[in-house]
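Take a look at the structure below.
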Amino acid sequence: MADHYEVLGVSRDASPDEIKKAYRKLARQLHPDVNPGEEASERFKLVTHAYDVLSDPEQRARYDMGGGDSPFGGAGAGFSGFNDIFETFFGAAGGGRGGRPRSRRERGQDALVRVTLELGDVVFGTHRDIEVDTAVLCETCQGSCCQPGTSPVTCDICHGTGNVQRQVRSLLGNVVTSQPCNVCQGYGTTIPYPCATCQGQGRVRARRTVSLDIPAGVETGLRLQLPGSGEVGPAGGPNGDLYIEVTVAPHEVFSRDGDDLLATLEVSMPDAILGTTTTIQSLDGPVDLEVRPGVQAGDVLTIKGRGITPLRGTQRGDLRVGVHVVTPTRLDHKERALIEEFAKRTKAPAPRLAEFHQGLFAKLRDRFRNG
């Protein structure tokens with residue numbers, strides 16, 4: 001493999017100016033516009049690559065350490081020395097590849113808050129002011145981590161790179177490893193005077209209020225995301241997200257079935273026979289309900305548009321009321337006589353077996369039991 005110094009025709013102790021001058025001379029001779037031959041084109045690539053390596057002080061130092069004739073040395077082997085080999089297979093220790101220091105500013109963590117809602121809050125949506133215990137920006141240092149009037153200083157050990165290199169002798173020769181600087185922890189700078197309020201973190205724990213508009217139609221287990229409302233990152237880094245997990249508390253009267261509301265209406269036997277009009281209290285106010293004469297137990301009366309507003313839509317569901325006919329269990333002498341007279345007049349047939357079927361009310365009742 002050709003040595004970069006030999007390709008440019010300079011000595012190994014050539015100065016940067018001598019390397020640049022040699023490259024310009026060869027580039028004028030071998031440039032494809034001047035010398036279109038294939039051999040000249042290949043030499044031009046070698047010359048350009050050699051100059052890219054030797055004109056950069058760090059790459060040249062690594063190339064010199066690896067040795068131009070070593071199968072692992074030089075940029076022509078695909079690496080800029082043993083340090084790049086270790087970085088390629090094991091990742092750069094500390095800052096990024098090439099010795100870049102770590103940044104103190106990092107994104108904050110996400111936060112999760114659980115909120116319990118009443119069923120009535122789900123009909124139209126609601127507004128909540130939520131108290132969140134999280135990390136907020138330090139007002140004293142504004143995220144700089146330093147006492148006011150001071151600033152970070154360049155690390156004396158790694159000289160701002162965030163990494164320190166060690167040369168280790170091995171069977172393959174001298175190996176250079178890079179590790180995070182123990183003094184600055186890979187940041188490249190130290191803070192001689194940390195902020196007393198946040199102890200040099202750039203953030204403090206505090207309670208803050210988050211205003212939240214909860215849309216209609218939410219249900220238990222749903223999570224609402226508020227981007228950028230989570231905790232602030234170290235050193236004033238960007239905020240994480242805030243997630244609101246919703247739980248809808250059970251209601252004493254109403255149950256939910258998708259966007260519909262379910263309820264049970266107890267009707268006396270006379271009202272079931274004769275019919276009646278009553279006023280019931282829905283989740284958003286009173287509403288009149290007509291019970292037709294001869295209504296049967298298990299019949300369902302529907303009130304349009306008195307259900308829940310869907311999460312993504314405007315058309316509200318319905319309020320479905322299952323009828324439960326209440327049979328009196330205690331009758332005085334006069335009431336019993338009237339019922340007996342009624343039975344004689346109607347000549348009701350004797351009880352008998354009929355075809356089994358599960359009515360809608362039974363399905364609603366099952367939902368109530370399982371809900």
Side-chain angles (χ1 to χ4, degrees), residues 56-62 65 79-113 130-168 175-211 223 225-244:
D56 183 277
E58 291 185 5
Q59 291 192 54
R60 183 180 180 181
R62 287 196 293 267
M65 190 171 297
F79 302 98
S80 297
F82 283 106
N83 188 36
D84 273 3
I85 295 175
F86 274 84
E87 287 185 359
T88 299
F89 288 101
F90 303 104
R97 184 183 175 109
R100 291 189 296 272
R102 294 169 52 194
S103 173
R104 295 183 186 275
R105 298 184 77 251
E106 298 179 5
R107 181 182 183 275
Q109 293 184 349
D110 297 335
L112 175 65
V113 176
I130 302 172
E131 295 291 328
V132 181
D133 185 6
T134 184
V136 299
L137 186 69
C138 176
E139 295 183 357
T140 302
C141 68
Q142 293 298 309
S144 71
C145 306
C146 305
Q147 288 187 15
T150 67
S151 60
V153 298
T154 302
C155 177
D156 292 335
I157 303 301
C158 66
H159 306 291
T161 64
N163 298 275
V164 290
Q165 295 182 342
R166 290 191 310 141
Q167 182 172 324
V168 180
V175 177
V176 177
T177 63
S178 180
Q179 296 179 338
C181 176
N182 291 329
V183 175
C184 67
Q185 304 302 315
Y187 294 118
T189 59
T190 59
I191 300 178
Y193 304 103
C195 173
T197 303
C198 63
Q199 284 75 50
Q201 298 298 311
R203 58 180 184 169
V204 295
R205 304 296 299 186
R207 295 186 67 84
R208 60 188 177 93
T209 302
V210 177
S211 294
R223 286 190 177 184
Q225 181 182 10
L226 278 68
S229 294
E231 69 173 30
V232 70
N239 289 63
D241 298 337
L242 175 63
Y243 290 89
I244 308 297

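Bear in mind the structure is a predicted one, so any value in this text is a computation, not a measurement. Side chains are part of it too, since the values below use all heavy atoms of this structure and drop only hydrogens, waters and symmetry mates.
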Expected output: side-chain [X] to main-chain [Y] donor-acceptor under 3.5 Å:
X: R223; Y: L112; answer: no
X: R102; Y: G162; answer: no
X: D241; Y: D110; answer: no
X: R105; Y: G236; answer: yes
X: N239; Y: G230; answer: yes

How many angstroms lie between [atom1] in [X] and [atom2] in [Y], if you round to the nearest 0.5 Å?
X: Q165; Y: C158; atom1: CD; atom2: SG; value: 11.0 Å
X: Q199; Y: I191; atom1: CD; atom2: CD1; value: 12.0 Å
X: H159; Y: C184; atom1: NE2; atom2: SG; value: 11.0 Å
X: C145; Y: R203; atom1: SG; atom2: CZ; value: 9.5 Å
X: T134; Y: L242; atom1: OG1; atom2: CG; value: 8.0 Å

Original post:
Got more than 12 heavy atoms from elsewhere within 6.0 Å of CD, Q142?
Top reply: yes

Subject >> Q225, CD: over 12 other non-hydrogen atoms inside 6.0 angstrom >> reply: yes

For residues [X] and [Y], report the shortest heavy-atom separation together with the two atoms involved.
X: A235; Y: R104; answer: CB-O, 3.5 Å
X: I244; Y: I130; answer: CD1-CD1, 3.9 Å
X: P101; Y: Y187; answer: CB-O, 3.2 Å
X: R207; Y: D133; answer: NH1-CB, 3.8 Å
X: G202; Y: L137; answer: O-CD1, 3.7 Å
X: V204; Y: C198; answer: CG1-CB, 3.7 Å

Subject >> Residue pair P152 / C146, side-chain heavy-atom distance below 4.5 Å >> reply: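 When only atoms from C-beta onward are counted, C146 and P152 do touch, with a gap below 4.5 Å.
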
**OP:** Indicate yes or no: at least one non-hydrogen side-chain atom of V164 is less than 4.5 angstrom from one of I157.
**Re:**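 V164 vs I157: side chains touch.
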
